[in-house]
Every structure is written in C-alpha cells, then in structure tokens.
Student: 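The structure's right below; bear with me while I get my questions together.
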Number of protein chains: 2
Amino acid sequence: MRQTSLRAHNLALVLRLVAASPTPISRARIAGASGLTRATVSTIVDELIAGGLVDFADESRTGVGRPSVGVTLAGTRPAGLGMEVNVDYLATCVIDLAGQVRHREVVLSDQRGRSPAAAWEALAAPAARALAAAAAQGLVVHSGAVALPGLIEDAVVHVAPNLGWHRVALPARIGDLLVDFGNEANLAAFGELHACELSSFLYVSGEIGIGAGIVVNSELFRGTRGWAGELGHVTVDPAGKPCRCGSRGCLEQYAGEDAIREAASLPDAAELVDRAKAGDEATLASLGRAGLALGVALSSTVNLLDLPAVVLGGHFAPLAEWLCPPIEAELRQRVLTARWSSPLIRPSVLGAEATVIGAARTVTQAIINDPARYLASIRP
Amino acid sequence: MRQTSLRAHNLALVLRLVAASPTPISRARIAGASGLTRATVSTIVDELIAGGLVDFADESRTGVGRPSVGVTLAGTRPAGLGMEVNVDYLATCVIDLAGQVRHREVVLSDQRGRSPAAAWEALAAPAARALAAAAAQGLVVHSGAVALPGLIEDAVVHVAPNLGWHRVALPARIGDLLVDFGNEANLAAFGELHACELSSFLYVSGEIGIGAGIVVNSELFRGTRGWAGELGHVTVDPAGKPCRCGSRGCLEQYAGEDAIREAASLPDAAELVDRAKAGDEATLASLGRAGLALGVALSSTVNLLDLPAVVLGGHFAPLAEWLCPPIEAELRQRVLTARWSSPLIRPSVLGAEATVIGAARTVTQAIINDPARYLASIRP
DNA sequence: CGACATTAGTTCAATGGCTGAACAAATCTC
DNA sequence: GAGATTTGTTCAGCCATTGAACTAATGTCG
C-alpha cells in the first residue's frame, strides 16, 4: 500500500460518512465518527468539494457554540445511468450521487428472438433521452450500467436463456458512454439494499425466470465468477417436472411466472393479482403451491447462507400477500435456526424499479467507494 | 484510517508474501511483488524479525548479481493450539506459523450426554500435553481454538444437537490459554483451504451430522451470524423422511452416517469401506442412494453459490470412490453452468485431521493477517 | 450587557512512514 | 581483473496525519 492510498482511503471514509448521513453533517462530527482529526477532515472535505462530490449546506446548526457548516453530497456533478434489457421491456433511469431518481422511463419492447445488436440499437434512443434529461437538470452522467437476465462474466454473456442469447460479447460503450454489465437479480438486490434498512437478505427476483441476489452485511455476494443466486434452478422435487435447463424439479417449474399462470389457467400473468383478490379458487391454489415450492427452496437457501431476511421482488412483490403464508410455514418447519430466530419475509420496497435503480446505483456507489479514482479521472 | 495503520497494513502485506512463498523469498522480490520500495521492505522485515515472526534463511540464492538473503516464516515463536470436541473423540494439535503440524493427538472419548463442563475437564489433559510437547520443541503457543459440531455465536453455543448441548456459554480460557471457538465444518474447510491448491470450494463435512464450509476466493463465507453451511438440512425430498430437526427430507436422513449404515444393514459404520470394497450389494446400493441425495443437495448449493469445486471430507472422504459417480451425474444434470464449467468433486486432502488443523490454523492465520496487533500484544 | 463556556473550524510545526536516487556489496561473465 | 548485474542500505525529501494553539461564532448566566 502506497502513501497516497492512505489519502485515497480517507477520502472514501469521509465521503461514506457524508453519504450515510440523512441530514448535512458537520466536519467536526465527521472527525468524531471517523477518528480523524478536524484538521485532516477539513483538508479532505476541501478536496472533495474541489472535485464536485460534496457541497456545503446552506443552513447551519443552531445551538450552543459556533454554528457548524453542514456537508452534503453534491446533487449535480456525477450521476449514474442505469439501463435494463429484459424479456418484454427496456428501462432506463438516472440517479444522482445522493441516490435520488432524477429520470425514469420504461419502454415496452419484446426482445425475444431479437439479436443483441438489435437490442443495443433499441436501447440507444431511451439512453439518449435519459442523458438529455440529465443534462437539462445540470447533471453530468459519469457512466452507465446495464442489467441483463443472464450469466455474465468479464463483459461476455455466457447465456441469457429468456432472451435467447448465447455467448454474446458486450460492448464497452453505448454511444459515448462507458457502460458496465450485470445480472438482473444481483443489481435489483443492490438497488433494494440502498432503499430498505436491511443489511443482509436474499432478494428473490421473479421475472420470467427466477433469480436471486445475496446480500450479506451490505455487500453483494457474487460467488467465484459472479453467478451466485441461481435460485430458479434449486431442486424442489428431485423427480419433479422437467425444466428447460435439462434438470428436473427446479423451482422455476413451480413458482416461475409461466408456471403460476398456467396452474391458475390464466392467459395473462397480469391478471393474477386481480383474480387472487377476487378469491378465485384456481389462482389461490396455484399461488399456494408456488409459495410452498418457494418455501422449500428458500429454506435450503437460508440453511446454507444464514440470512435473516428474504425480500420478494419483481412479480412476486404484488403477490406477497398470498405467497408469504405458505413460505413462512415452510421456513418455520425447515430452517434449522427458525425456532429462535425466524427469517423475516417481506415484499420489495422498490418493486419493478429495483433493477434499473440498482444498475444506476452501481455507478454512483463505485464513485463513493473510491472517490480518489474518480477525482483522478476527471482531471489528470 | 490512521497513519500507523499504513505500517500495520504493510507489515501484513509483507508477511503474507513471505507466508505465500513456498521457498525463502528475498526482500528484493517482496518489493517487486508488493509494489513497495526495497528500502521500505527492508525496514518492515527488520520489524518482523525483531518480533520473531520471520527469519533470514541460511542459504542464499546463487546466480548473477549479489546473492539475496531469503526470508522465511519463523518456525518457533507463535504457534497455534487447535482442539476439537466431537461426538466420540477429542483431538488436539499444534501447528507453527508455517503451518507445519508439530504435535497431534486423538483421544477416543464419548461426549454424548456429558455436560459441557465435563468436556472441558476431559479436554484439559490433552491440551496440557500439547502445550508441553510444544514447549519441548521451543514453540510458544499464542492462543487456542476449539472446534465444536454446533451453531456458535459470540462465545455461546446455541445448539450442538449431536453433543446434546443447548445454550452453553463458552469459557474465554482453557487453563491459562486464551481460546476461541468455531463450527467444526467451517474450521475443517479453513484447514483444507491451506492444504490444497483450491481457493474456492464447498467443504462437505460428514460426521454424525452433515455440515459444510463455504470458501470463496480463499475466504470463509460465514453468513450473517456465522451459521452458514448447514448443508445437512437442505431439503432433498420435501415429503421425505422426517428429520430430528423437525423438518422432512433433509439430506442428513439420506446421506448421514447413521442413514448410510442403516440402509446398508451394518452395525458399525467403520465397516462401510470394507464392505464396499468387497462389493456388498446392500452397501453399494446404500452408497448410491446417499450419493444421489448428496448430488441433489450439492447441485442446489452450487447453483446458489457459484462454486467451482466440492471437497468431500470427514467420513465421506474414504467413501469418495463410490459417492463421486452419482454425485457427478446429478451435478451434470442439475447445475445450470455445468455444461461449460463442470464443478470438480474430490476427497479431502487432510481427511479427519482437517478440523483440528483448521482450528489451530485460525490462530496462526490471525497473526499473519494482522501482525501489528500481535507485535503490540507481545511488547507494549 | 458582558464575561465565560461551548463548539467549530484553521493554522502550523512536528512526526511517522514511504520514496527515489545514489551508493556499497557480492556475485557472475568474459 | 574490468564490467555487468542484482541485492541491500543510506539518506534527504515529501506527503499525510497529528496535536496543540488559536480564531470564530454562538448561547448562558449572573
């Protein structure tokens, strides 16, 4: 470790404290919380202000002693562009450093059977609109991130079954913007992490397939190659229904959107919530079976990973009312530690927006985690 | 981060490089590998030598240029005492900084129904013998670690079903020695990590129960409270055999030692290997069924955690010959990524010794990870 | 109302630790 | 034996943090 990395570390430390504070925080309090001296904090804050990452707040604290000048995250300079290519829609969003959503758009557009190149082309227009909207608000977008429903490693999609993609090399930029790529469920979990007060949970993403993001102590667990969280292919019944992955009895065959819809004899999954509310027998039975299967798979997951909470996201979120009871019953029975510490189950806070917001958040979070690199990149 | 923590970080960085090198490594090469200057590395090595953590090697490299003086881990000063309290035996071992096993002892002693206090008393004698053996070799034992087959958190055993323990507070010392406590499977995985060349794997511990340790990028994944890895209670068949944990169809009911032995109609599990070698039909069938169940549970685990390898430890290690084929068949079918990257399955290198060695290793590894703290503790 | 307590922020010399260049040491090659 | 090569040391310089003294701005209380 070099000497300059000490400063890099402390820049990150201070910026993290500013980001974690809901209200403007004084340099004196930063010093107290970080263990640094007030002198050091002042020089570091000066550097962050010069780089446009934080700003002084207008109001100052009132009370005994000299009033403090609050420090907040800058609302304008580095923003993040999040994008999502999913089976039947494209989505974009822009968030600022503070995590505020400043622009959002969803374009219904079926990607099944389309080539990756066609998807990039389709994404170009909403991405350009997002950048324009950001510019209109004085935001400078630093870079972008794209969420995809597939297994991604080193800028290659190994497979994205529901898009029909296979071994697709990903572009380094969309337009002029540097972009990164990530798995849909992982990014949704990342988005949810910053929107709810939980710091460890399993985020279950119910889209056409079922994925999951594992968050432990506020960090995403990615596994060796970033492919952790394939909950949809956890075995629920070894001799069960064949799955298109080649296995049998995968969770997806019992709790996937298509499986629930078919078992409820519905032509369109969008009707599920209404039918369930209306008390439709077949729908309720189908949801009960899905909840049971989810309960079995989640129990195994919790036993393996020791997670205190499960967040139901994507299409599962609005169905939580009917899915939670059977899931909870299975967890109570099957989780070894449930007797004295039962896992919490609840719907996602962000719902369908979790994925794009999470993608955009990776951009801003990378800056917050390593401000020195960002500062070096904007003026060498 | 303070200024002194820069030195602390670099002490660890240099010591880690020394520990990672199989042969003595020169200060010049440490400088090259660490990015520090030769000057800095020299002062840091001086400090480590003064603290007794490393030593200069006797021989020096021959070749063009000034011969280098190698640096190695010191073989004497801080050693670790590992202990294991298991269902039917107690074990102790002493390892030095370099990871060499310098003493080992196993005492057959049934702990079922004995109180925790009785277990500590039984452990005192072998622990004292280990300390004496260490002293006779000039080793200074720094502290100890005890492996237990149960769920442990903050020096409390929540439950250790096979020992019959429940909510047991653990002592901070055994004799005069500071001790720490850990889960048997986790510590075995930790031991195996340093004995094999894999850096990411699932260690499956087949004792009376079935546990697992999850290792990702050379780090143990502990979950939120340290209870990750309860593989034995992953559901293999939702409507299957009832388990004493209160659930149904747990892996332990199909692949636990008792389950395999009973299905093979054997009075003693020790005969399993001989019977299998002799080609006994019932034994082979029982092992086949166990392998299948293991395959199902491991497939789900690999899908969730993205692990490239599975190590069969404990009683599974000598049975690997018969367990591997059905496990591999299931993994090929059920692991989503198996088509292009099939997980490796293999028996443990350390076998039954993995757990105690892993426990002892936590002591020495803690010193290697934070030498500054150790140095401060031995002379304030 | 004014002295004092209190809290925030700045200044500056001192310190700890790393760097880089020059140098000394030990070996090999030709 | 001269030169090339590599290792390790010495030392001045630099960078970031520290700690104490100082200034600044407010509230409190007699």
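Lettering follows sequence order; numbering is per chain, from 1.
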Student: Under 4.0 Å between a side-chain N or O of Arg27(A) and OP1 or OP2 of dT10(C)?
Tutor: yes
Student: Are the side chain of Thr43(A) and the backbone N or O of Thr40(A) linked by a donor-acceptor pair below 3.5 Å?
Tutor: yes
Student: Mark yes or no for whether Gln137(B), through its side chain, and Arg102(B), through its backbone, hold a donor-acceptor pair below 3.5 Å.
Tutor: yes
Student: Quickly work out the Ile44(A) CD1 to dT10(C) C1' distance and round it to whole Å.
Tutor: 15 Å
Student: Just how far, in rounded Å, is P of dT9(D) from CD1 of Ile30(B)?
Tutor: 12 Å
Student: Is it the case that the side chain of Glu192(A) and the backbone of Val349(A) share a donor-acceptor pair, with hydrogens and angles ignored and the cut-off at 3.5 Å?
Tutor: yes
Student: Counting side-chain heavy atoms from C-beta on, which of dG9(C), dA16(D), dG17(C) comes nearest to Leu6(B)?
Tutor: dG17(C)
Student: Does Thr40(A) have a side-chain nitrogen or oxygen under 4.0 Å from the phosphate oxygens OP1 or OP2 of dA16(D)?
Tutor: no
Student: Have a look at Val69(A) and say if it touches a base, only the backbone sugar-phosphate, or nothing, with a 4.0 Å heavy-atom cut-off.
Tutor: sugar-phosphate
Student: Please check: side-chain N/O of Asp306(A) versus main-chain N/O of Arg225(B), any donor-acceptor pairing under 3.5 Å?
Tutor: yes
Student: Atom CG of Leu36(A) and atom P of dG9(C): how far apart are they, to the nearest Å?
Tutor: 15 Å
Student: Closer to the 5' end of DNA chain D via nearest nucleotide, is it Gly70(B) or Val64(A)?
Tutor: Gly70(B)
Student: Strictly below 4.0 Å: does Asn10(B) bring a side-chain N or O up to OP1 or OP2 of dC18(C)?
Tutor: yes
Student: Map Thr43(A) and Ser26(B) onto DNA chain D by nearest heavy atom, then report which one ends up closer to the 5' terminus.
Tutor: Ser26(B)
Student: Contact class for Ala39(B) (heavy atom, under 4.0 Å): base, sugar-phosphate, or nothing?
Tutor: base
Student: Below the 4.0 Å mark, does dT17(D) have OP1 or OP2 next to a side-chain nitrogen or oxygen of Arg7(A)?
Tutor: yes
Student: Rounded to the Å, how far apart are Arg38(B) CZ and dA22(C) C1'?
Tutor: 11 Å
Student: I want to verify a distance call: between dC11(D), dA26(C), dG8(D), whose nearest atom is closest to the Pro67(B) side chain?
Tutor: dA26(C)
Student: Please check this pair: side chain of Asp55(B) against backbone of Thr72(B), looking for a donor-acceptor N/O pair closer than 3.5 Å.
Tutor: no
Student: Of all the nucleotides listed (dT17(D), dT6(D), dG9(C)), which has the minimum atom distance to the side chain of Arg66(B)?
Tutor: dT6(D)
Student: Any side-chain N or O of Thr37(A) under 4.0 Å from OP1/OP2 of dT18(D)?
Tutor: yes
Student: Ignoring the backbone of Thr4(B), work out which of dG17(C), dG9(C), dG19(D) is nearest its side chain.
Tutor: dG17(C)
Student: Asp46(A) has an atom CG; how far is it from atom C1' of dA16(D), in whole Å?
Tutor: 15 Å
